[in-house]
K.L.:
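Before I ask anything, here is the structure I am working with.
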Amino acid sequence: MRRELPKTYNPADFEDRIYAEWCENKYFKPSDDTTKPTYTIVIPPPNITGQLHMGHALNNTLQDILIRYKRMKGFATLWLPGTDHASIATEAKIVEVMREEGLTKDDVGREEFLRRAWDWRKKYGGRIIEQLKKLGSSCDWDRERFTMDEGCSRAVKEVFVRLYEKGLIYRGERIINWCPHCKTSISDAEVDYEDQAGHLWHLHYPYKDGSGYVEVATTRPETMLGDTAVAVNPNDPRYAGCVGKTVILPLVGREIPVIADEYVDMEFGTGAVKITPAHDPNDFEVGRRHNLPIVTCMTEDAKITDDYPAYAGMDRYEARKKIVADLEKLGFLSEVEDHAHNVGTCYRCKTTVEPRVSMQWFVKMEPLAKPAIEAVRHGEIKFIPERFEKNYFYWMENIRDWCISRQLWWGHKIPAYYCDACDKMVVTKSDEAPRCSSCGGEMRQDPDTLDTWFSSALWPFSTLGWPDENAEDLRRFYPTNTLVTAYDIITFWVSRMIFSALEFTGKRPFENVLIHGLIRDAEGRKMSKSLGNGVDPLEIIEKYGADALRFALITGNSPGNDIRFSDEKIEAARIFANKLWNAARFVLMNLDNNEIKYPDASTLSVEDKWILTRYEEAIASITSAMERYELGVALSNIYDFTWDVFCDWYIELSKPSLMNKDGAVSPQRSFAAKNTLAFVLTGILKMLHPFMPFITEEIYQSLPRQEGDSKSIMVSPYPTYDEALTFSDDAESMEKVIDAIKAVRARRAEMNVPVSSKAKLYIETKRPDIFGAAAEPFFMRLASASGTQLCDGVPEANAVRIVTSAATIYIPMGELVDLAAEKKRLLTELEKNAGEIERLERKLSNEGFISKAPAAVVEGERAKLKKHREVKAALEAALKALEG
RNA sequence: GGAAGCAUAGCUCAGUUGGUUAGAGCACUUGCUUGACAUGCAAGGGGUCACUGGUUCAAGUCCAGUUGUUUCCACCA
């Protein structure tokens, strides 16, 4: 049913209604037609704790554009949505909520905690999904997944067991990053470093034999409680005789050796380093090399252990003060320097990370990284833009083993079981705790959970049915085609999906990775909660509509680059939507109720042929940009074509054919014009639809249908380039008239002649076929002419002369014309013209250019020269006429 | 410490594989209620494409260096 368009564009009137219609008609589901090629995107699953922010809006707009484009291009498209359990982020949220009730995790216990977590997921997990719908996302909601749903959990267990059996997962005591606030290990990638002003304390450790002391420098004096050696560089002459001696650790009294290790930088501090294997990753390595004992002096919440009664229970910073004071009192502190250094913090809570030795699970990365590097190197997987491949290679080539265990409750439990009675450990997919195979005793599951990225690494195939190799979706839609994500997540997620997919499915997870930037505010700052400069996309949608938001996010941007978001941009987007809306109203106003026909060349006028030619060119360039993921370029091409070509020119050029004053226009002519308007408008709507789905659908549904189109634009075919609708000669003729109109307007504006003052135009031209009667209405409507007449030479003295490459136009203006000024103007123009001619002549007489440049380029330059020479002749004639 | 990006009009940015006189939006100036749109129309001003050198018939575009700036990675106590 066709609808009348209201006078003003008001997106709130129709966006929700249209989205509901799409859902009802199941347009988001992939076509059942298995002969169609497939195109698949899996969504980067937002956290269930998440609220839609601008980053999501951009990320999902890009995906929706690609999916809608491919759908119209005839692919069976699947955009698979879902959410991530986000173990540490969600757990932190729930802990926070419980704290408000005065409860801790330990108070409620694991079972109750998980019950709360699932409740929380039920309550808020769907929130971001609803917000994605507001944006217009055309996901297949029936296939929505969750990283902790049954299928994904099965995949996680499968992967863990297979890696373990292959020897690629191991358990070991290592030093890891520990967050004393979240009380869990975190991976290297989860540590953020920030500059902090600190101090370098110089401490004296006396030799046991009483021969003085060695001076060490440290930024963390409290860790001295765990020192098990002092290290110096083996090549350091200052300490040549000291290696092998024993020092007595102040405050503690422990006897520790002085050792030599290359790790020590002679230039830094005093050249002597205290070694604390339990609380520093480098010291841990030194400790392993020298078989040093590991002495832990801090608890998991970063308090001093009971082994040191004087400081027991003190927080690490409190202990630092006390220890420094005590050392000073006893004369072991010689100097305190200011020292800026980088401190690792937890990416979740910003607490300073405490390196800590503990038993953790790791993935051995090197064997997995290798094929993942090859896949990108050989172009099996491409990054867009390509430069991000460098980041990827750097990370993958220097990869370290991945700590995957987390001391959290919310997440996938590690499928390892330990015997209570003996030390037996079993790794199994089974949900039942096995009996110990050695002693038959009870076994208990490892209490830890897996890093949240462990399950998201499997997302492209676990969501399609893996590990069931024969799952229908997996067979039909895997490997997926494009992954869309921001550059800050390449290491966390993209790289892990690649090696996981290659290892477990033997195929790449996706062929292209489209990287986008971050959204910044109008001043270029990152949007963040703490700065309070975040813009809520839902507010924008409410105020301006989802289409305007999408337009503002995409326009003027290229892959991988950050985007500044500002009120001006969103305002410009809405204005464009309004422009399109009104252009559509104009077309509708003039349209009969007929179906839109494919244009028939025999009925077309020169202006129709011109717009169709320009339209076909637009299809070619827009499609090419879409295929290259240059979505910003594609959109600006659509914008320019819509506004500058279609609205500003063709609609105006069509008016003489539509406004049939005294029956001068034939029904055939009027039909061709109306049909051309509707045909081109429909094409614009289709090309714009992936970017602005709502307004294009709303307008489309109010237009008569084009042959072969569906009732919804989103499942209509995308325009394809048709050479039969290009008419280069006619288009060129029309351009010449347009040039002349522009030149007349410019001169009139220059002379401050109001539009209302009409004047007859005399046109001297070698192309009377173009500038004859057919062109008259255009000059009358668009160049303030009262009429036009072809002439040969100056029609009367004191006429303004306007010179274009195809014609010289005279406007008799009587006294209005200042002869002296006119002469001056002609001379200036002639001078400009002469400059151009000289430049071109020089270029064309350059033998290197003629012989080496492509023929087409040379030809183009020749044509230009010819055109300029013609203008020169016309200008000279005009000047002569003026003087004579 | 290592790496990458960016530097183009007053502002925000486009500018494909080198090939017209370097573009757009906003802002600015001037004139217009022209039968879809004043959320509009028309005309205009404004740029030594950061700097230096190189390759080329030809450089905003490719190469090297310099300066400024942003980001990522590493984490020497």
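Hydrogens, waters and symmetry mates are skipped; everything else that's a heavy atom, side chains included, is used. So you know, we letter chains A, B, ... as the sequences are listed, proteins then strands, and number each from 1.
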K.L.:
Expressed as a whole number of Å, how far does the P atom of B:A74 sit from that of B:U66?
P.N.:
26 Å
K.L.:
Which is true for A:Ser558 with a 4.0 Å heavy-atom rule: it touches a base, it touches only sugar-phosphate, or it touches nothing?
P.N.:
sugar-phosphate
K.L.:
Cationic tip of A:Lys579 within the cone over A:Tyr639's six-membered ring, i.e. under 6.0 Å and within 45° of the normal?
P.N.:
no
K.L.:
Between B:C41 and A:Trp643, is there an OP1 or OP2 to side-chain N/O distance shorter than 4.0 Å?
P.N.:
yes
K.L.:
So what's B:G53 paired with, Watson-Crick or G-U wobble, going by both distances under 3.5 Å?
P.N.:
B:C63
K.L.:
Base, sugar-phosphate, or nothing for A:Thr218, non-hydrogen atoms under 4.0 angstrom?
P.N.:
sugar-phosphate
K.L.:
State which residues pass side chain to side chain donor-acceptor pair (under 3.5 Å) with A:Asp236; sequence neighbours excluded, sorted by chain then number.
P.N.:
A:Arg238
K.L.:
Examine the side chains of A:His204 and A:Ser334 and answer whether a donor and an acceptor come within less than 3.5 Å of each other.
P.N.:
yes
K.L.:
What interatomic distance, in whole Å, is found between C1' of B:U52 and the corresponding atom of B:U67?
P.N.:
11 Å
K.L.:
In whole angstrom, what separates A:Arg747's CZ from B:G44's C1'?
P.N.:
15 Å
K.L.:
Within the 4.0 Å heavy-atom criterion, would you say A:Leu782 contacts the bases, only the backbone, or no part of the nucleic acid?
P.N.:
nothing
K.L.:
Taking only side-chain N and O atoms of A:Lys655, does any of them lie within less than 4.0 angstrom of OP1 or OP2 on B:C41?
P.N.:
no
K.L.:
When you compare B:G40 with B:U61, how far apart are their C1' atoms, in angstrom units rounded to a whole number?
P.N.:
37 Å
K.L.:
Please state the C1' separation for the pair B:U70 and B:C26 - nearest whole angstrom.
P.N.:
24 Å
K.L.:
Could you check how far CD1 of A:Ile575 sits from C1' of B:C41, rounded to whole Å?
P.N.:
14 Å
K.L.:
Would one find a side-chain N or O of A:Arg574 under 4.0 angstrom from OP1 or OP2 of B:U39?
P.N.:
no
K.L.:
Using a heavy-atom cut-off of 4.0 Å across all strands, would you classify A:Ala217 as base, sugar-phosphate, or nothing?
P.N.:
base
K.L.:
May I ask you to say what A:Tyr394 touches in the nucleic acid, namely base, sugar-phosphate or nothing, with a heavy-atom cut-off under 4.0 Å?
P.N.:
sugar-phosphate
K.L.:
Look up atom CD1 in A:Ile186 and atom CG in A:Asn177, then write down how far apart they are to the nearest 0.5 Å.
P.N.:
5.5 Å
K.L.:
Can you establish whether the number of heavy atoms outside A:Glu841 located under 6.0 Å from its atom CD is more than 12?
P.N.:
yes
K.L.:
Looking at A:Ser636, I'd like to know whether one of its side-chain N or O atoms comes within less than 4.0 Å of OP1 or OP2 on B:A24.
P.N.:
no
K.L.:
When the P atoms of B:G45 and B:C51 are considered, how many whole Å apart are they?
P.N.:
24 Å
K.L.:
Provide the distance between the two P atoms, one in B:A24 and one in B:A43, to the nearest whole Å.
P.N.:
12 Å
K.L.:
Does OP1 or OP2 of B:A43 have a side-chain N or O of A:Arg745 closer than 4.0 Å?
P.N.:
yes
K.L.:
Just how far, in rounded Å, is P of B:U71 from OH of A:Tyr193?
P.N.:
18 Å
K.L.:
Check every strand shown and say whether A:Ala572 touches a base, only sugar-phosphate, or nothing at a heavy-atom separation below 4.0 Å.
P.N.:
sugar-phosphate
K.L.:
Touch check for A:Asn561, heavy atoms < 4.0 angstrom, all strands: base, sugar-phosphate only, or nothing?
P.N.:
sugar-phosphate
K.L.:
By nearest heavy atom, map A:Trp649 and A:Ser624 onto RNA chain B; which one lands nearer the 5' end?
P.N.:
A:Ser624
K.L.:
Need one value for A:Asn846: base, sugar-phosphate or nothing, where a base atom within 4.0 Å counts as base even if backbone is also close, heavy atoms only.
P.N.:
sugar-phosphate
K.L.:
At 4.0 Å (heavy atoms only), tell me whether A:Tyr639 reaches a base, stays on the sugar-phosphate, or touches nothing.
P.N.:
sugar-phosphate
K.L.:
When you measure from the centre of the six-membered ring of A:Trp402, is the NZ or CZ of A:Arg496 closer than 6.0 Å and no more than 45° off the axis?
P.N.:
yes
K.L.:
Now, which nucleotide makes the Watson-Crick or G-U wobble pair with B:U69, with each of the two distances under 3.5 Å?
P.N.:
B:G5
K.L.:
I want to verify a distance call: between B:C32, B:A42, B:A77, whose nearest atom is closest to the A:Thr219 side chain?
P.N.:
B:A77
K.L.:
From CD1 of A:Ile399 over to C1' of B:A74, roughly how many Å is that when rounded to an integer?
P.N.:
14 Å
K.L.:
Heavy atoms only, 4.0 Å cut-off, all strands: where does A:Val191 land among base, sugar-phosphate and nothing?
P.N.:
nothing
K.L.:
It should be established whether A:Asn398 places a side-chain nitrogen or oxygen under 4.0 Å from OP1 or OP2 of nucleotide B:G2.
P.N.:
no
K.L.:
Please measure how far the C1' atom in B:A64 lies from the corresponding atom in B:C73, and state the result in whole Å.
P.N.:
25 Å
K.L.:
Under 4.0 Å, heavy atoms only, any strand: does A:Gly556 hit a base, just the sugar-phosphate, or nothing?
P.N.:
sugar-phosphate
K.L.:
With a non-hydrogen cut-off below 4.0 angstrom, is A:Glu652 in contact with a base, only sugar-phosphate, or nothing?
P.N.:
base
K.L.:
Mind checking the P distance from B:U12 to B:A58? Whole angstroms is fine.
P.N.:
35 Å
K.L.:
Can you check whether A:Arg564 has a side-chain N or O nearer than 4.0 Å to OP1 or OP2 of B:C13?
P.N.:
yes
K.L.:
Could you pick out which residue, A:Asn557 or A:Lys864, lies toward the 5' side of RNA chain B when each is mapped onto its nearest nucleotide?
P.N.:
A:Asn557
K.L.:
May I ask you to say whether A:Glu836 pairs ionically with A:Lys867, meaning some side-chain N is under 4.0 Å from a carboxylate O?
P.N.:
no
K.L.:
Looking for any heavy atom pair under 4.0 Å, which part of the strands does A:Pro754 touch: base, sugar-phosphate only, or nothing?
P.N.:
nothing
K.L.:
Please walk me through it: do A:Glu829 and A:Lys832 pass salt bridge (Lys or Arg N to Asp or Glu O under 4.0 Å)?
P.N.:
CA-CA 5 Å; A:Glu829 232 172 274; A:Lys832 238 195 241 168; over 6 Å; no
K.L.:
How would you label the contact of A:His339 with the nucleic acid (heavy atoms, under 4.0 Å): base, sugar-phosphate, or nothing?
P.N.:
sugar-phosphate
